[in-house]
Amino acid sequence: MTLLDGKQTSKEIKEEIKTTVSEMKARGERVPHLAAVLVGDDGASLTYVGSKVRSCEYVGFDSTLIRLEADISESTLLKQIDQLNRDDTLDGYIVQLPLPKHINEEKILLAIDPNKDVDGFHPANFGRMALELDAFIPATPFGIMQLLERYKVPTSGKHCVVVGRSHIVGRPISILMSQKGTAGNATVTVAHSRTENLADLTRQADIIVMALGIPEYLTADMVKEGVVIIDVGITRVADQSHPKGYVIRGDVAFDEVAEKASFITPVPGGVGPMTIAMLLKNTLLARQWNLT
Ligand code: NDP
């Protein structure tokens with residue numbers, strides 16, 4: 001069994017980006033610049049945004065954190081988005097989700113200039129991705145494709161079952177894995193909460209991508225020998241024996257499934273760390289494509 005080590009792979013990707021940025025600097029070029037918009041002071045969002053900003057600093061990007069009050073009106077936030085769209089010193093930006101309930105997330109995401117949409121959530125990017133054109137691919141599925149590619153996991157002609165059909169993980173990864181190219185050419189089945197007899201499907205799968213958010217849902221009796229497992233799930237499970245009072249669990253019962261798997265991502269340390277690395281990669285691409 002080979003562990004698909006997202007921690008190590010994301011480090012390698014960050015080092016590659018860092019090298020490219022130093023070369024840009026040496027040529028006297030402007031380095032990539034990422035901004036993050038954080039509305040309110042939700043603890044988890046603060047942590048995520050904080051590590052995104054730190055990663056920018058690590059690879060040599062310029063970064064800007066824009067913190068806005070939780071009670072900001074939708075129209076003021078839209079004005080802020082408009083300013084960011086017009087800012088020529090900025091290659092890309094993200095609006096950290098979730099937004100407070102009084103703000104329509106869809107409206108905000110649609111207002112982001114697709115050329116700066118390094119999260120890849122705008123329909124223009126989603127459409128370009130589906131048509132195999134240059135696009136910002138959402139960071140989590142982009143990270144999964146990188147793991148499969150870099151570990152040379154065979155995907156061509158394989159049956160991949162994706163469990164989950166969200167717009168940020170399940171749906172895009174199902175499209176990417178069915179496309180031509182490295183880590184693609186798979187025959188993909190997308191399962192969701194209405195799927196009947198899920199275990200019959202997962203038992204036939206050569207590759208399983210779990211993206212539903214129910215801890216340890218996939219058990220050993222649901223998979224065949226040699227299966228490749230990608231576990232996207234991240235759920236905090238209460239555990240008083242742990243100093244934090246919780247532990248992080250994936251959607252896969254890791255210990256028992258790992259015994260049958262040929263490749264498997266751990267949680268934490270698998271898909272999670274890849275997500276930030278791919279956000280940086282998208283920002284670098286934004287700079288290189290000179291879209292701003
Ligand atoms: P969503 O809640 O948006 O989607 C969950 C999907 O799972 C839905 O399509 C839902 O079906 C499906 N589902 C729910 N219950 C079942 C079931 N019993 N059987 C089969 N399918 C089911 O989640 P996300 O895609 O946003 O996230 C999934 C998980 O991945 C979460 O734990 C999240 O925290 C984690 N995540 C991790 C990231 C990382 O960086 N590693 C990044 C993003 C997410 P239906 O459509 O019918 O409701």
Side-chain angles (χ1 to χ4, degrees), residues 3-11 13-14 36 42-45 47-52 55 94-99 105-106 109 118-121 126 136-148 160-177 188-205 208-219 221-223 229-238 246-254 257 264-282:
L3 205 63
L4 296 170
D5 186 342
K7 216 168 158 185
Q8 179 57 30
T9 309
S10 68
K11 265 190 203 155
I13 293 172
K14 283 186 197 167
D42 173 70
S45 294
T47 310
Y48 291 140
V49 168
S51 59
K52 286 170 187 174
S55 297
I94 57 161
V95 178
Q96 185 66 40
L97 303 178
L99 291 170
E105 265 180 22
E106 196 178 294
L109 294 181
V118 284
D119 261 340
F121 294 162
F126 204 93
F136 298 120
I137 297 170
T140 303
F142 195 8
I144 295 170
M145 295 305 280
Q146 281 294 308
L147 273 178
L148 293 171
C160 173
V161 172
V162 176
V163 186
R165 56 179 167 184
S166 73
H167 295 168
I168 60 167
V169 189
R171 182 73 62 196
I173 194 67
S174 70
I175 293 171
L176 292 167
M177 292 201 63
V188 179
T189 301
V190 182
H192 42 76
S193 66
R194 305 292 179 94
T195 298
E196 292 178 1
N197 305 321
L198 179 67
D200 288 348
L201 285 173
T202 54
R203 271 194 286 267
Q204 288 170 36
I208 302 175
V209 179
M210 290 297 286
L212 69 160
I214 306 178
E216 304 186 318
Y217 192 82
L218 190 82
T219 46
D221 59 312
M222 295 170 76
V223 306
I229 300 285
I230 305 291
D231 188 355
V232 185
I234 301 179
T235 309
R236 283 182 181 189
V237 176
Y246 65 86
V247 286
I248 300 290
R249 290 273 178 262
D251 290 345
V252 177
F254 183 87
V257 173
I264 186 166
T265 57
V267 176
V271 175
M274 294 298 291
T275 299
I276 291 190
M278 301 327 289
L279 172 68
L280 298 175
K281 181 74 181 174
N282 273 342

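When a ligand or atom number is given, it counts from 1 through the structure's own listing order.
Ranking protein heavy atoms by distance to atom 1 (P) of ligand 1, first place goes to Ser166 CB, 4.1 Å. Protein heavy atom nearest atom 22 (C) of ligand 1, with residue, atom name and distance: Ser193 N, 3.6 Å. Of the protein's non-hydrogen atoms, Arg165 N, 4.0 Å is the one closest to atom 8 (C) of ligand 1. Among protein heavy atoms, the minimum distance from atom 40 (O) of ligand 1 is reached at Thr275 OG1, 2.9 Å. Protein heavy atom nearest atom 20 (C) of ligand 1, with residue, atom name and distance: His192 O, 3.2 Å. Protein heavy atom closest to atom 31 (C) of ligand 1, with residue, atom name and distance, is Gly213 CA, 3.7 Å. Of the protein's non-hydrogen atoms, Thr140 OG1, 3.3 Å is the one closest to atom 42 (C) of ligand 1. For atom 13 (N) of ligand 1, the closest heavy atom belonging to the protein is Leu212 CB, 3.8 Å.
Using a 4.0 Å cut-off between heavy atoms, Val169 contacts ligand 1 through its side chain alone, with no backbone atom that close. Here Ile234 has heavy atoms under 4.0 Å from ligand 1 in both its backbone and its side chain. Contacts between Val163 and ligand 1, counted as non-hydrogen atom pairs separated by less than 4.0 Å, involve the side chain only. Under 4.0 angstrom from ligand 1, there are no non-hydrogen atoms of Thr195.
Residues Val161 and Gln204 have side chains not in contact (no heavy-atom distance under 4.5 Å, counting atoms from C-beta outward).
Proximity to Gly272 (heavy-atom distance under 4.0 Å) selects the following atoms of ligand 1: 40 (O), 41 (N). Of all atoms in ligand 1, listed by their number and element, those nearer than 4.0 Å to a heavy atom of Ile168 are 26 (O). Close contacts between ligand 1 and Gly164 involve ligand atoms 6 (C), 7 (O), 9 (O) [criterion: under 4.0 Å to a heavy atom].
Met210 CE to Leu218 CG: the interatomic distance, rounded to the nearest 0.5 Å, is 4.5 Å. Leu148 CG to Leu4 CG: the interatomic distance, rounded to the nearest 0.5 Å, is 7.0 Å. Between atom CG of residue Leu212 and atom CZ of residue Arg165 there is a gap of 12.0 Å, rounded to the nearest 0.5 Å. One finds the OH atom of Tyr48 at 12.0 Å from the CD1 atom of Ile94 (value rounded to the nearest 0.5 Å). Distance CG/Asp251 to CG/Asp231: 5.0 Å, rounded to 0.5 Å. From Ile230, atom CD1 reaches atom CE of Met145 across 10.0 Å, with rounding to the nearest 0.5 Å.
By heavy-atom distance, the residue among Leu201, Val232, Val271 lying nearest atom 38 (C) of ligand 1 is Val232.
Residues Ile173 and Pro141 come closest through the heavy atom pair CD1-O, 3.8 Å. For the residue pair Pro98 and Glu105, the shortest heavy atom distance occurs at CA-OE2, 3.3 Å. Closest approach of Pro215 and Arg249 over heavy atoms only: CB-CB, 3.9 Å.
Distances from ligand 1 to the non-hydrogen atoms of Gly170 include no value under 4.0 Å. Residue contact annotation: Ala191 has no non-hydrogen atom under 4.0 Å from ligand 1.
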For a side-chain hydrogen bond (donor to acceptor under 3.5 Å, both in side chains) check, start with the C-alpha distance between Lys281 and Gln146, then their side-chain angles and the critical distance, and finish with the verdict. CA-CA 11 Å; Lys281 181 74 181 174; Gln146 281 294 308; over 6 Å; no
Hey, mind stepping through Ile264 and Phe254 against side chain to side chain contact (heavy atoms under 4.5 Å, CB included) and telling me if it holds? CA-CA 8 Å; Ile264 186 166; Phe254 183 87; 3.7 Å; yes
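For atom 27 (O) of ligand 1, no protein non-hydrogen atom is found at a distance below 4.0 Å.
For the pair Arg194 and ligand 1, the shortest N or O to N or O distance does not fall below 3.5 Å.
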